Structure formats: C-alpha cells, structure tokens
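As structure tokens, the structure follows; a few thoughts come after it.
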Amino acid sequence: MNPREVAALLAYVVRLDPRMNVDDPAAADDRLAQWCDLLSDVPAQAHQWDAARTARDYIARNPYRIQPSDISRPWHAHKADQMRRHIGTFEPTAHPEINPDDDTGDAYVAALRAERQAIATGQRAPVSHRAITAGPMAAQVRRRLAELGTYMPPTVADTLRDYRPHRAERERLARAGAPDPLDVPCPYEHCRADPGKPCRDHRGRNRAKPHPTRTEHATTHHAQEQPA
C-alpha cells in the first residue's frame, strides 16, 4: 500500500475502534510512518483479499488494539496459499507476444516470472486444474493414456519425468482432460510434424513447445471430441 492507502485504512480503523484515535499530530505522524513501513508490501485489494476487511474482522473478533502485523501476517499467509494452489503450467496461447521460433527461452522465462509475480501480488488468480476421475470424461482420459502406452509403474514414470518431457507432458494433459497438441499434425507449413511427433524449428531440431497453430488446432479437435 502507498501512504495514501495506509492513511485511508487507518482512518477506517479509527472509525471502527475509537481507541485507535491519536490526538497528538506528531504521534499520529509516527504511527502513520510505522504502518506505511510495515504494510509497504501489502496490497489494499487483490484477488480474494481486502486489507480493510481483514482489519474489520480482526477488530470484530479481538479485544486488543490492531497492529499493522495483524494485517501483514494474513496477507503473507494468503499469498503463500495462492502460490501453493497455482499449478504453474505455462499456457503459450496466453502470450502471443512471445516469438515461437525464439530458441533462447528469454521471453518465456520473463513471461513465466511475470505470471508468478502477478499471482504473488494478487493481480490475477492462480491457475488450478483437477484431474478427471469419474464420468464420461474419465473414460476418454483412460483411452488417451492407453493410446500413449503404459509400460512402467507411475512411481517410475515420475522419476523419469525429467528425462522424457514430451511424454510426461502428454500424460499430464491426458489426466487433466486437456487438449494435447501432439494428438494432431502440425499445420505450420515449415514444420508439418506428424501426430505423436514433436514440432521442429527452422533447423529441423525438435522444439520444446508445439507451434501455436498446432495448439489451436488441437484445442478445436479436442472440443469436437467432447461427449455431448
């Protein structure tokens, strides 16, 4: 919060608890400076967070005078919970500004950091998906996993995840019931990778990520296959 937001919060606190009123201007300035320092990294409002509501709840439930830490501690707990709920999956189609042929990865890393920072500061909600375990979609998940082939226990597959990233990602998408770009051929004219094969860059090397047009094609294909 900036000083103006902290001052507004303090005025609201005084209205709810008159004991917090300070008549001496010097003491009031000192208190404002203290609150500004301790709440400098706490937003006034964010996703599922409101500093004024946190202050009101504290005053309603506690007989003690509120301190800035009674607002900053809940915020940091809330931020940690938001980051814990975020699955961290990066969606390339949400970042059209990234050049898909940029093999340095700098733009990807910058976008990923910006996304995590936005969640940590409450500017956007975390992305969380649950695996599909029942209903018509569960059968489709099992079918997709069967098509990929199961030849090792899940614990072994988890251990080898870093050494087989393409397959690990396909298994994750199948369990989540999400579109898999490798289910369809790549329509990008300089690639044309077959189903099941990773996309290639202009040098003929395998890309870590599919081309955006392939991702869009897979999303459309996946939507058409959903049970009515």
Side-chain angles (χ1 to χ4, degrees), residues 47 82-83 85-120 123-133 135-152 154 157-158 160-228:
H47 176 69
Q82 296 291 290
M83 296 304 297
R85 292 171 52 203
H86 182 56
I87 61 173
T89 300
F90 186 78
E91 178 52 61
T93 57
H95 298 273
E97 73 280 3
I98 298 179
N99 181 1
D101 294 322
D102 179 10
D103 297 326
T104 66
D106 293 343
Y108 163 79
V109 172
L112 184 61
R113 287 176 175 170
E115 183 176 280
R116 290 180 60 84
Q117 177 67 12
I119 294 169
Q123 298 175 35
R124 59 169 293 181
V127 178
S128 59
H129 299 293
R130 295 181 179 179
I132 301 171
T133 58
M137 285 298 297
Q140 188 178 101
V141 169
R142 289 191 293 269
R143 175 184 61 77
R144 289 174 60 184
L145 288 174
E147 290 174 353
L148 291 175
T150 342
Y151 58 91
M152 62 180 68
D158 288 340
L160 298 177
R161 185 180 304 276
D162 293 339
Y163 301 95
R164 47 204 286 275
H166 289 294
R167 182 184 175 91
E169 175 63 7
R170 297 196 71 191
E171 291 175 348
R172 185 195 68 78
L173 292 171
R175 290 192 178 95
D180 182 356
L182 270 63
D183 277 347
V184 297
C186 181
Y188 182 49
E189 60 179 346
H190 299 297
C191 178
R192 303 294 188 188
D194 294 327
K197 301 295 184 181
C199 286
R200 296 180 294 270
D201 61 20
H202 61 284
R203 297 186 181 90
R205 299 177 302 187
N206 289 345
R207 287 169 47 91
K209 300 180 292 182
H211 288 104
T213 52
R214 190 178 194 180
T215 301
E216 294 174 2
H217 182 35
T219 301
T220 303
H221 176 76
H222 180 73
Q224 294 171 346
E225 283 197 335
Q226 300 310 300

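No experiment lies behind these values; they were computed from the predicted model shown. These numbers come from the heavy atoms of this one structure, side chains and all, not from hydrogens, waters or symmetry mates.
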Subject >> Partner of Cys191 under side chain to side chain contact (heavy atoms under 4.5 Å, CB included), chosen from Pro185, Pro210, Cys199 >> reply: Cys199
Subject >> Which residues share a side chain to side chain contact (heavy atoms under 4.5 Å, CB included) with Thr220, sequence neighbours left out >> reply: Gln224
**OP:** Might you point out which heavy atoms bring Pro198 and Ala193 nearest each other, and give the distance in Å?
**Re:** O-CB, 3.5 Å
Original post:
Parallel, tilted or perpendicular: which describes the rings of His217 and His221, with under 30° parallel and over 60° perpendicular?
Top reply: tilted
**OP:** Could you tell me which non-hydrogen atom of Pro181 sits nearest to which non-hydrogen atom of Ala218, and how far apart they are?
**Re:** CA-CB, 3.5 Å
**OP:** Of all the heavy-atom pairs spanning Pro195 and Asp183, show the shortest one and how long it is.
**Re:** CB-O, 3.9 Å
**OP:** Kindly compute the distance separating CZ (Arg200) from NE2 (His211), expressed to the nearest 0.5 Å.
**Re:** 9.5 Å
**OP:** Would you give the length of the straight line joining atom CZ of Arg192 to atom CZ of Arg214, rounded to the nearest 0.5 angstrom?
**Re:** 11.5 Å
